[in-house]
Amino acid sequence: MPELPEVEVTRRSFADAIAGAKILAVRVGKPLRWPFGGDPDELVGQIVTTVRRRGKYLLLDTDQGLLLLHLGMSGSLRFATTLPPAGAHDHFELVTTLGILRLNDPRRFGAAVYVHGEQDPVAKKLLGHLGMEPLSDEFVFQTFCAGLKASRSSIKQVLLNGRLVVGVGNIYASEALFLAGILPTTTAASISTTRARQLYEAVQQVLNAAVQSGGSTLRNFSSADGSAGHFQQQTKVYGREAAPCHTCATLVCMVRQGQRSSYYCPCCQQP
DNA sequence: ATTCTCACCTGCGGGC
DNA sequence: TGCCCGCAGGTGAGAA
């Protein structure tokens with residue numbers, strides 16, 4: 001479920017509450033996307049200091065190391081002083097002095113990985129190739145535009161793959177391309193500087209709007225305090241195949257790109 | 001080097 | 001009602 005907005009909303013919903021917590025126990029369920037990377041009990045006694053986000057990863061700094069969490073396609077976190085008994089899809093849990101942090105992930109594409117720091121080889125493998133953070137000052141138009149010019153892939157794929165800009169997943173790629181008036185199948189390198197600028201703005205606009213709306217809740221997503229998002233109610237094209245475009249009433253179309261669905265308005269969006 | 005396809009896993013909705 | 005198929009918010013590995 002989680003693209004940048006959902007991960008960021010999740011982060012904000014428990015970052016302050018967990019700061020300073022001492023880890024009392026670690027519970028591990030079924031295997032996730034990546035091995036944990038050590039003995040989970042190594043975390044016991046460590047203090048959670050801060051919660052950061054890099055792309056779609058959450059980075060929990062402790063006084064001795066770094067815990068990487070990823071929500072995959074179906075993951076969500078809860079942080080509360082008390083929680084119901086762990087269910088079949090609760091695969092990772094930190095019991096702390098300030099509450100229980102629990103990862104629920106039915107499909108298990110998510111991950112919980114412990115490393116000693118961002119220079120750790122495993123951390124570098126997971127984070128090292130990630131592109132610019134679209135909601136930070138490091139998101140520079142000139143770099144973005146140059147990256148588009150250098151790619152022969154479709155613009156939808158470039159937005160999705162995270163090498164140029166991180167955090168844009170299947171929902172927000174379609175939405176940003178609609179806002180920019182660009183067809184998802186357009187070759188990235190063929191996009192003019194003017195339209196690249198529109199896309200650069202659109203990416204930031206749609207991600208900011210989604211964060212403001214608490215993210216999208218398509219199935220069971222909720223932030224760590226249990227609240228759902230509602231951006232899915234304001235998508236312009238995503239999930240709206242055969243429905244009328246809100247701008248021009250033309251029916252929204254769907255196309256498969258790299259086994260993912262892309263939605264677009266054939267009237268409002270051009271190559 | 002870059003680009004494309006596949007695999008990982010579970011659940012749900014639609015069609016028969 | 002039950003079964004089978006396709007699809008779902010991600011992404012690294014390996015092939016081309």
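Letters A, B, ... are given to chains in the order of the sequence lines, protein chains preceding strands, and every chain is numbered from 1. Please read these numbers as outputs of a predicted model, since none were measured by experiment.
Contact annotation for A:Arg256: backbone-only contact, meaning every heavy-atom pair under 4.0 Å involves sugar-phosphate atoms and none involves a base. Across all strands, A:Tyr238 comes closer than 4.0 Å only to sugar-phosphate atoms, never to a base (heavy-atom distances). Using a 4.0 Å heavy-atom cutoff across all strands shown, A:His91 reaches no nucleic acid atom at all. Among the heavy atoms of the strands lying under 4.0 Å from A:Gly169 are primed sugar atoms or P, OP1, OP2 only; no base atom is included.
Comparing A:Gly258 and A:Pro106 against DNA chain B, the residue whose closest nucleotide sits nearer the 5' end is A:Gly258. Mapping A:Asn161 and A:Ser261 onto DNA chain C by nearest heavy atom places A:Ser261 at the nucleotide closer to the 5' end.
Across B:dT3, C:dT11, C:dG9, the shortest atom-to-atom separation from the side chain of A:Ser153 is found for B:dT3. The side chain of A:Arg33 lies closest to B:dC8, out of C:dG9, B:dC8, B:dT3. Comparing B:dC9, B:dT3, C:dG12 against the side chain of A:Leu126 picks out C:dG12 as the nearest. Here the nucleotide nearest the side chain of A:Phe109, chosen from C:dA13, B:dC9, B:dT3, is B:dC9. Nearest nucleotide to the A:Tyr263 side chain, out of C:dG10, C:dA8, C:dG12: C:dA8. If you check B:dT3, C:dG12, B:dT10 against the side chain of A:Trp34, the one that comes closest is C:dG12. Distances from the side chain of A:Arg152 to the nucleotides B:dC9, B:dC8, B:dT2 place B:dT2 closest. Checking B:dC6, C:dG9, B:dC9 against the side-chain heavy atoms of A:Glu3 singles out C:dG9 as nearest.
Here, C:dC3 and B:dC9 have their P atoms 23 Å apart, quoted to the whole Å. Across the P atoms, B:dT3 and C:dG9 are found 23 Å apart, a figure rounded to whole Å.
The base of B:dC9 does not come close enough to the side chain of A:Arg108 for any donor and acceptor atom to sit less than 3.5 Å apart.
Separating the CZ atom of A:Arg260 from the C1' atom of C:dG6 is a distance of 15 Å, rounded to the nearest angstrom. We find that NZ of A:Lys30 is positioned 15 Å from P of B:dC8, with the value rounded to whole Å. Spacing between atom CG of A:Leu32 and atom C1' of C:dG12 amounts to 16 Å, rounded to whole angstrom units. Rounded to an integer number of Å, the gap from CZ of A:Arg107 to P of B:dA7 is 15 Å. For the pair A:Leu68 CG and C:dG10 P, the interatomic distance rounds to 18 Å; values are reported in whole Å. Counting to the nearest Å, the C1' atom of B:dT2 and the CG atom of A:Leu164 are 14 Å from each other. Atom CD of A:Gln257 is separated from atom P of C:dG9 by 13 Å (rounded to the nearest Å). When the C1' atom of B:dT2 is taken as reference, atom NE2 of A:His129 falls 15 Å away, rounded to whole Å.
With no hydrogens or angles considered, no side-chain donor-acceptor pair links A:Ser216 and A:Gln232 at under 3.5 Å. Side-chain N/O atoms of A:Tyr264 and A:Glu241 include no donor and acceptor closer than 3.5 Å.
In this structure B:dC8 sits in a base pair with C:dG10, meeting the Watson-Crick or G-U test at under 3.5 Å. Judged by Watson-Crick or G-U wobble contacts below 3.5 Å, the nucleotide C:dA16 has B:dT2 as its partner.
To the nearest 0.5 Å, atoms CD (A:Glu8) and CG (A:Leu135) are separated by 7.5 Å. Atom OG1 in A:Thr217 sits 7.5 Å away from atom CD in A:Glu6 (nearest 0.5 Å).
Relative ring orientation between A:Tyr238 and A:Tyr263 is described as perpendicular, the plane-to-plane angle rising above 60° on a 0-90° scale split at 30° and 60°.
Applying the salt bridge (charged side-chain N to carboxylate O under 4.0 Å, His left out) test between A:Asp61 and each of A:Arg54, A:Arg52, A:Arg53 identifies A:Arg52 as the sole match.
Here the shortest heavy-atom pairing between A:Thr96 and A:Gly99 reads OG1-O, 2.7 Å.
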